Every structure is written in C-alpha cells, then in structure tokens.
Amino acid sequence: MKQANEPKTGKIEECGDWLRIGELKLKSRLLLGTSGYPNPQTMLESLAASGSQLVTVAIRRVNLSDHSEESFLDLLQSLPVNLLPNTAGCYTAREAILVAEMAREALETNLIKLEVIGDDETLLPDVEQLLKAASELIRSGFTVMAYSNDDPITCRKLADMGCAAVMPLASPIGSGMGIVNPYNLQLIRTLVPNIPLIVDAGIGTASDAAKAMELGYDGVLLNTAVSKAKHPVQMAAAMRHAVLGGRLAWQAGRIPQRFYAQASSSMEGRIQISS
C-alpha cells in the first residue's frame, strides 16, 4: 500500500503521536471524504489543506473499470494519500460484503470502511446487518473500520470481534448537527479503550471536531462539513487545526470543572483594611 506524505502540522508530529489502523501508521488524525465537492480542483485543494493521509471513496459511486486520463479513481490514486474504500449505499450485509470484495480486487487493499444503512431518511446504521457483515469480513482477512451508531454496546461488540477501528456517529450523516450525545461518546471511549475510535458523521464545524478529540477520540472522519462549506479549502484547513488542537488538549489534561469560582492567584497577602 502506498505510504502517504507526512503533513507538517505542528509539534504533535515531533513527539511521535501516531494513529495506527491495521498496518497503517498515520500522523494526521483527520480523515476526509471525497464526494460532494463543487469540482475536482476544489476537492484536491481541500485534501491538501486538510493534511489528511487517509481519504474515503465510495466504491458504488465510482467506475472501477475506468482508467482514462480523467478517471476520478485514478486521480485519487495519484495523490500522496492512502485510499479508504467504503461500502456507502449498502443496506444489507450481503451487499456490503460484495462491495468490499470489489474494492479489495480493484484497489489491492484489505482496508474497508464498513457502512450498512438502515433506511433512506435517517441513514442510521442497521445494527444487525452491520454486525453480520463485520464478522464475515474480518474472517475474510479485511481490516474493518466500522461505522456505527452511538450505542456503547454495539461499539463494544464491534471492537470485541476484531474491528481495526470503530467509528460512532456524532449525529446523522450530513446533518451538520455536531455532537448531540457526548455522554454516549464518552461511555464508548470508556468501554472501548484499546482500539482506535473515530467520530464519523454529523460534524458541522471546527469546534465539533475539536470537541470530539477532547473527548479522547483518536480521529475524526468528515466529508460534508468541508465539501458543502461556503469555502471548502478554508474549512479543510480549519478542521486540520481543530483536530490537532483537540488532540493536544486531550493529551495536556483539562482542569476539573467546578460549580463555584476558584481564584487563580493566591489569597495570601491580601490587603486588609480595618473599618
């Protein structure tokens, strides 16, 4: 698999803070999608501004047999990034497994982002079909990154069966609602401490991405927040810095939250004025 160029995004790289997913070793913790951009040039500039080393491509939406000069797939493969094929648009385990096998043959990678959607309106995962597909793909040698709802039990099951990463949603796909259930995301982090957790779907702006990282997540995957932004390239840069800042804040360790104020300066030596 082609190794991505290493983006220079600040001190976090200097301390060897790697994101490891299967055989991948990444310095950037921002994963970016490739759909919905106004044009290919904006997509390319956004990917560069994001510093992302792992970008998703929906296998059902690309022509795997098209290797013309203007092929979308060949354009992506020419970039200094790793491709993460996904099973977007699949509604059953059988469909998802077939798409994953097509991706492995076409892209020569065992890496797959597994999505199994329950309905067209909410685009929420079908848990039964998701677990079934994940189990079969893992047995077939795939490195599975599983998109899930924010149910802690489902996420723990996916981790226990051997997924390389579990990717709970912040809110529904493309909604831009941000993190609507931080309690569940924190609980998932507690129950799944030993494999990468990546917040996927629902991120709307940079503060959402920073918050996800401050909750202790290992990365953020987003698409619409950049591709549909008023200025996608600028938003991609904002997301890059937000993910980095959130990671650094998590590592630094925030102060405890208090109900009442606590003076930052010592109360000793105060001036005393007698009445």
Side-chain angles (χ1 to χ4, degrees), residues 21-22 31 33-36 54 56-62 64 84-104 109-189 191-192 195-204 212 217-225:
I21 301 174
L31 287 61
T34 55
S35 65
L54 186 59
T56 66
V57 55
I59 294 301
R60 291 187 62 168
R61 295 170 186 156
V62 298
L64 297 177
L84 173 58
N86 69 43
T87 63
C90 293
Y91 290 80
T92 67
R94 183 177 179 182
E95 289 179 1
I97 292 167
L98 177 60
V99 170
E101 290 172 344
M102 292 168 56
R104 176 157 65 179
T109 177
N110 288 323
L111 192 63
I112 193 72
K113 179 192 171 187
L114 176 61
E115 297 181 31
V116 187
I117 301 304
D119 65 69
D120 288 324
E121 186 171 357
T122 67
L123 299 179
L124 294 174
D126 183 317
V127 172
E128 179 183 3
Q129 295 295 309
L130 172 65
L131 292 171
K132 181 179 178 181
S135 178
E136 293 191 27
L137 288 172
I138 291 168
R139 284 199 301 268
S140 297
F142 282 89
T143 301
V144 176
M145 301 173 65
Y147 167 66
S148 174
N149 56 15
D150 62 352
D151 170 39
I153 303 306
T154 299
C155 290
R156 185 168 63 183
K157 286 182 177 180
L158 289 165
D160 289 346
M161 70 172 56
C163 287
V166 177
M167 310 172 73
L169 54 80
S171 52
I173 292 173
S175 69
M177 290 292 292
I179 298 174
V180 297
N181 197 341
Y183 171 78
N184 270 31
L185 291 183
Q186 287 180 294
L187 186 55
I188 292 167
R189 179 74 280 180
L191 294 178
V192 184
I195 71 165
L197 289 178
I198 297 172
V199 168
D200 179 11
I203 296 295
Y217 276 67
D218 299 285
V220 172
L221 192 156
L222 55 90
N223 186 169
T224 308

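Just so we're clear, the structure is a prediction, and the values are computed from it rather than from any experiment.
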From CA spacing to verdict: side chain to side chain contact (heavy atoms under 4.5 Å, CB included), Leu191, Cys155: CA-CA 8 Å; Leu191 294 178; Cys155 290; over 6 Å; no
Shortest non-hydrogen contact between Ala225 and Leu222, atoms and distance: CB-CD1, 4.4 Å
Whether Asn149 side chain and Val127 backbone form a donor-acceptor pair below 3.5 Å: no
Backbone of Phe142 reached by a side-chain donor or acceptor of Ser140 within 3.5 Å: no
Spatial distance of atom CD1 (Ile173) from atom CD1 (Ile117) [nearest 0.5 Å]: 4.5 Å
Gap between atom CZ of Arg156 and atom OG1 of Thr154 - 0.5 Å precision: 10.5 Å
Test log, rule side chain to side chain contact (heavy atoms under 4.5 Å, CB included), inputs Leu131 and Leu158: CA-CA 7 Å; Leu131 292 171; Leu158 289 165; 3.7 Å; yes
Backbone N/O of Leu197 and side chain of Asp218: donor-acceptor pair under 3.5 Å: yes
Euclidean distance, Thr143 OG1 relative to Asn110 CG, rounded to 0.5 Å: 5.5 Å
Polar side-chain atom of Ser171 near backbone of Gly178 as donor-acceptor pair, under 3.5 Å: yes
Distance in Å, Leu124 CG paired with Asp119 CG, rounded so as to fall on 0.5 Å steps: 6.5 Å
Shortest non-hydrogen contact between Asp150 and Leu185, atoms and distance: CB-CD2, 4.4 Å
Minimum-distance pair of heavy atoms, taken over all atoms of Ala134 and Cys163: CB-SG, 4.2 Å
Residue of the set Asp200, Leu114, Val220 for which side chain to side chain contact (heavy atoms under 4.5 Å, CB included) holds with Met167: Asp200
Sub-4.5 Å side-chain heavy-atom contact between Leu169 and Pro125: yes
Ile179 versus Ala212, closest heavy-atom pair with distance: CD1-N, 3.6 Å
Heavy-atom donor-acceptor pair, Tyr147 side chain to Ala88 backbone, under 3.5 Å: no
Contact summary for Ala164 and Ile195, nearest pair of heavy atoms: O-CB, 4.4 Å
Closest approach of Val166 to Ala159 (non-hydrogen atoms, all atoms of both residues): CG2-N, 3.9 Å
Approximate separation, where rounding is to 0.5 Å, of Leu130 CG and Glu115 CD: 10.0 Å
Side-chain donor/acceptor pairs under 3.5 Å, residues 89-101, sequence neighbours excluded:
unit_1: Tyr91; atom_1: OH; unit_2: Asp120; atom_2: OD1; d: 2.3
unit_1: Thr92; atom_1: OG1; unit_2: Glu95; atom_2: N; d: 3.1
unit_1: Glu95; atom_1: OE1; unit_2: Tyr91; atom_2: N; d: 2.8

Whether Thr56 side chain and Leu84 backbone form a donor-acceptor pair below 3.5 Å: no
Distance (rounded to the nearest 0.5 Å) between Lys157 NZ and Asp151 CG: 8.5 Å
